[in-house]
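First up is the structure itself, then whatever we jot down about it.
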Amino acid sequence: MSLKTLREEVLEANLELVRRGLVVYTFGNASGIDRNEGLVAIKPSGVPYEELKPEHLVVCDLEGKIVDSKLRPSSDLPTHLELYRHFPSIRGVAHTHSEYATAWAQAETPIPCFGTTHADYFHGPVPVTDPLSSAEISGDYELETGRAICRTFAKLDPDSVPAVLVAGHAPFCWGPTAGAAAHHAVILEYVARMAAHTLLINAESQPLARELHDKHFLRKHGRNAYYGQVKTQ
Ligand SMILES: [Zn+2]
């Protein structure tokens with residue numbers, strides 16, 4: 001993938017977050033990685049989305065060394081890099097403060113799978129991290145946020161659950177491209193809103209039966225997936 005293509009993909013992912021109403025002002029950011037080159041492109045810090053151009057995106061290596069930019073990267077860059085280093089299959093990360101997903105993060109409550117919409121995308125509840133300690137907050141805060149996410153996934157598959165709620169903060173989502181990460185952020189917000197409404201209608205609502213949950217996730221993902229059209233390439 002050329003750097004130009006990576007920049008365009010990441011710009012498009014950032015704009016998708018705005019188009020779908022997940023971002024107010026400059027909250028939120030999306031990034032993408034070229035695994036062959038080991039280069040990450042991310043939204044610059046504090047630049048309004050409506051002014052964002054491909055050339056504004058900041059390109060750095062996996063250690064955060066800037067290789068091509070006059071602008072500073074999003075302050076959440078160390079969180080994105082920690083996810084790329086620990087989840088080798090992912091090639092895009094999206095972070096928003098979307099209303100309902102953030103409300104669940106603030107409540108420090110995992111989002112249960114109440115229905116097949118959730119099960120189509122997330123194979124299990126969307127987990128929440130442990131709160132960061134005082135030392136983590138006063139230390140390398142954004143890196144520690146990434147580490148907290150990775151600890152949460154010590155026994156979870158990031159490809160099966162492509163999102164997390166950072167306690168007291170907001171969601172991070174990922175996927176095989178920057179666009180997929182943004183797509184997951186949109187779906188997460190939709191699922192988070194429906195889960196809140198489900199509990200409002202009936203506070204005793206129970207998670208979806210495991211069989212139906214597995215059925216919906218596995219018909220779209222994995223070796224025996226059959227949802228959608230047959231891929232010809
Ligand atoms: Zn944030």
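Along the sequence shown, residues are numbered consecutively beginning with 1. Computed from a predicted model, the values in this text were never measured in an experiment.
Checked by atom type and distance alone, the side chain of E142 never pairs as donor or acceptor with a backbone atom of D140 at under 3.5 Å. In this structure a side-chain-to-backbone donor-acceptor pair under 3.5 Å is present from R91 to P176. In this structure, H213 contributes its side chain and G124 its backbone to a donor-acceptor pair below 3.5 Å. Checking side-chain atoms of E51 against main-chain N and O of P48 turns up no donor-acceptor pair under 3.5 Å. With hydrogens and angles disregarded, no donor-acceptor distance shorter than 3.5 Å links the side chain of S69 to the backbone of V59. Between the E136 side chain and the T145 main chain, no donor and acceptor come within less than 3.5 Å of each other. A distance-only check finds no donor-acceptor pair linking the side chain of R7 to the backbone of A41 [under 3.5 Å]. A donor-acceptor pair is defined here as one N or O able to donate and one able to accept, closer than 3.5 Å; no such pair exists between the side chain of W174 and the backbone of L83. A donor-acceptor pair is defined here as one N or O able to donate and one able to accept, closer than 3.5 Å; such a pair exists between the side chain of Y84 and the backbone of V93.
Other residues, nucleotides and ligands contribute more than 12 heavy atoms inside 6.0 Å of the CZ atom of R219. Counting heavy atoms of neighbouring residues, nucleotides and ligands inside a 6.0 Å radius, atom OH of Y49 exceeds 12 of them.
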Working for side chain to side chain contact (heavy atoms under 4.5 Å, CB included), residues E16 and H183: CA-CA 8 Å; E16 177 68 359; H183 182 81; over 6 Å; no
Kindly indicate, with the supporting measurements, whether the criterion side chain to side chain contact (heavy atoms under 4.5 Å, CB included) is fulfilled by L62 and I33. CA-CA 9 Å; L62 266 173; I33 184 170; 3.9 Å; yes
Stepwise side chain to side chain contact (heavy atoms under 4.5 Å, CB included) test for N29 and H80: CA-CA 10 Å; N29 40 68; H80 290 237; 2.7 Å; yes
For L52 and N14, run side chain to side chain contact (heavy atoms under 4.5 Å, CB included): C-alpha distance rounded to whole Å, both residues' side-chain angles, the deciding distance at 0.1 Å, then the answer. CA-CA 9 Å; L52 212 53; N14 276 285; 4.2 Å; yes
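If you chain together hydrophobic residues whose side chains sit under 4.5 Å apart, V161 and L218 never meet in one group. Note: the hydrophobic cluster containing L132 does not contain L77 (ILVMFWY, side chain heavy atoms under 4.5 Å, direct or indirect links). Cluster membership for Y100 and I187, using ILVMFWY side-chain heavy atoms within less than 4.5 angstrom, is not shared. Taking hydrophobic clusters as Ile, Leu, Val, Met, Phe, Trp and Tyr residues chained together by side-chain heavy-atom distances below 4.5 Å, Y190 does not share a cluster with V164. F27 and L17 fall into different hydrophobic clusters, defined by Ile, Leu, Val, Met, Phe, Trp and Tyr side-chain heavy atoms under 4.5 Å apart, directly or through other members.
At a threshold of 4.5 Å between non-hydrogen side-chain atoms, the residues L3 and D34 do not count as touching. Using a 4.5 Å heavy-atom threshold, the side chains of L165 and P171 count as touching. Between T117 and M194 the shortest side-chain heavy-atom distance falls below 4.5 Å. When side chains are defined from C-beta on, T109 does not count as touching V128, because their heavy atoms never get closer than 4.5 Å. Contact of the V67 side chain with the C60 side chain is not registered, since no non-hydrogen atoms from C-beta on lie closer than 4.5 Å. Side-chain contact check for F153 versus P127: some heavy-atom pair is nearer than 4.5 Å. Contact check for F217 versus S160: side-chain heavy atoms found under the 4.5 Å cut-off. Between H118 and I111, the closest side-chain pair of non-hydrogen atoms falls below 4.5 Å.
The shortest non-hydrogen separation linking P73 to I42 is CB-CG2, 3.9 Å. Closest non-hydrogen pair, L11 versus P54, comes out as CD2-CD, 3.5 Å. Closest of all the heavy-atom pairs between P112 and P125 is CA-CB, 4.3 Å. Taking each heavy atom of T96 and T102 in turn, the nearest pair found is O-OG1, 4.3 Å. Counting all heavy atoms, side chain and backbone alike, D159 lies closest to S89 at OD1-OG, 2.6 Å. The minimum heavy-atom distance linking A13 with A178 is given by the pair CB-O, 3.5 Å.
Between E12 and R19 there is a salt bridge, since a side-chain N of the basic residue sits under 4.0 Å from a carboxylate O of the acidic one. Between K215 and E211 no salt bridge is recorded (no basic side-chain N to carboxylate O distance below 4.0 Å).
The line from NE2 of H216 to CG of D214 is 11.0 Å long, rounded to the nearest 0.5 Å. One distance of note links NE2 of H184 with SG of C173; it measures 8.0 Å at 0.5 Å rounding. Distance check, rounded to the nearest 0.5 Å: CZ of R20 to OG of S98 gives 13.5 Å. Note that NE2 of H86 is 11.5 Å distant from CD1 of I149, once rounded to the nearest 0.5 Å. L6 contributes atom CG, which lies 11.0 Å from atom OG1 of T177 (distance to the nearest 0.5 angstrom). Distance CD/E37 to OG/S2: 10.0 Å, rounded to 0.5 Å.
Classified by interplanar angle (parallel below 30°, tilted 30° to 60°, perpendicular above 60°), the ring pair F172/H95 is parallel.
For D157 and H123, the side-chain atoms include no donor-acceptor pair closer than 3.5 Å. Of the N and O atoms on the side chains of H221 and D120, not one donor lies less than 3.5 Å from an acceptor on the other residue.
Between H197 and F114, the distance from one ring center to the other does not fall under 6.0 angstrom.
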